[in-house]
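What follows is a single structure, written as structure tokens, with notes after it.
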Amino acid sequence: MVALITGLVLLFFTVFAALPPETVGFGLGWGEFILLFLRGGLPILTAFVGLIAVFVGVADLRDKKEAEKEEEEAKKSQS
């Protein structure tokens, strides 16, 4: 319940911070700064996500290879 309330409060603050006070009468007007941050941080974020995806893919290939070896050994031991 605490996580839900915290999430809602943070979402409300995000919307409040991004709203321009000139047009709606309230808000902090940080919208352009938020977009600037996203434009600057997005390439770094995608690089990290891509790197993690490569590591997960390599680990998955190794696991499949190991599983195939174990199956072959199990078949040999049954024969």
Side-chain angles (χ1 to χ4, degrees):
M1 189 68 171
V2 173
L4 179 63
I5 293 170
T6 303
L8 290 173
V9 167
L10 291 174
L11 282 173
F12 173 75
F13 176 74
T14 302
V15 171
F16 176 75
L19 288 174
E22 302 85 34
T23 57
V24 292
F26 60 92
L28 298 176
W30 293 355
E32 60 188 70
F33 298 116
I34 293 170
L35 291 176
L36 182 65
F37 174 77
L38 290 174
R39 277 187 246 140
L42 194 59
I44 296 169
L45 177 67
T46 57
F48 281 131
V49 170
L51 190 62
I52 291 169
V54 167
F55 286 145
V56 168
V58 168
D60 188 40
L61 289 175
R62 286 183 181 173
D63 288 344
K64 284 183 182 180
K65 197 175 198 181
E66 189 175 320
E68 288 175 359
K69 286 182 183 178
E70 289 177 3
E71 281 184 21
E72 289 177 13
E73 290 177 6
K75 287 180 183 178
K76 287 180 184 178
S77 66
Q78 289 178 354
S79 299

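Cluster membership for L28 and F26, using ILVMFWY side-chain heavy atoms within less than 4.5 angstrom, is shared. Hydrophobic clustering (ILVMFWY, side-chain heavy atoms < 4.5 Å, transitive): F13 and L38 are in one cluster.
Around the CG atom of L11, the shell of radius 6.0 Å holds more than 12 heavy atoms that belong to other residues, nucleotides or ligands. More than 12 heavy atoms of other residues, nucleotides or ligands shown are found within 6.0 angstrom of CZ on F16.
The CG atom of L36 lies 8.0 Å from the CZ atom of F33; values are rounded to the nearest 0.5 Å. Here CG of L10 is found 12.0 Å from CD1 of I5. Values are rounded to the nearest 0.5 Å. Atoms CG and CG, from L42 and L35 in turn, are 11.5 Å apart once rounded to the nearest 0.5 Å. Atom CZ in F37 sits 12.5 Å away from atom CH2 in W30 (nearest 0.5 Å). One distance of note links NZ of K76 with CD of E72; it measures 6.0 Å at 0.5 Å rounding.
Other residues sharing a hydrophobic cluster with I52 under the 4.5 Å side-chain heavy-atom criterion for ILVMFWY residues are V56.
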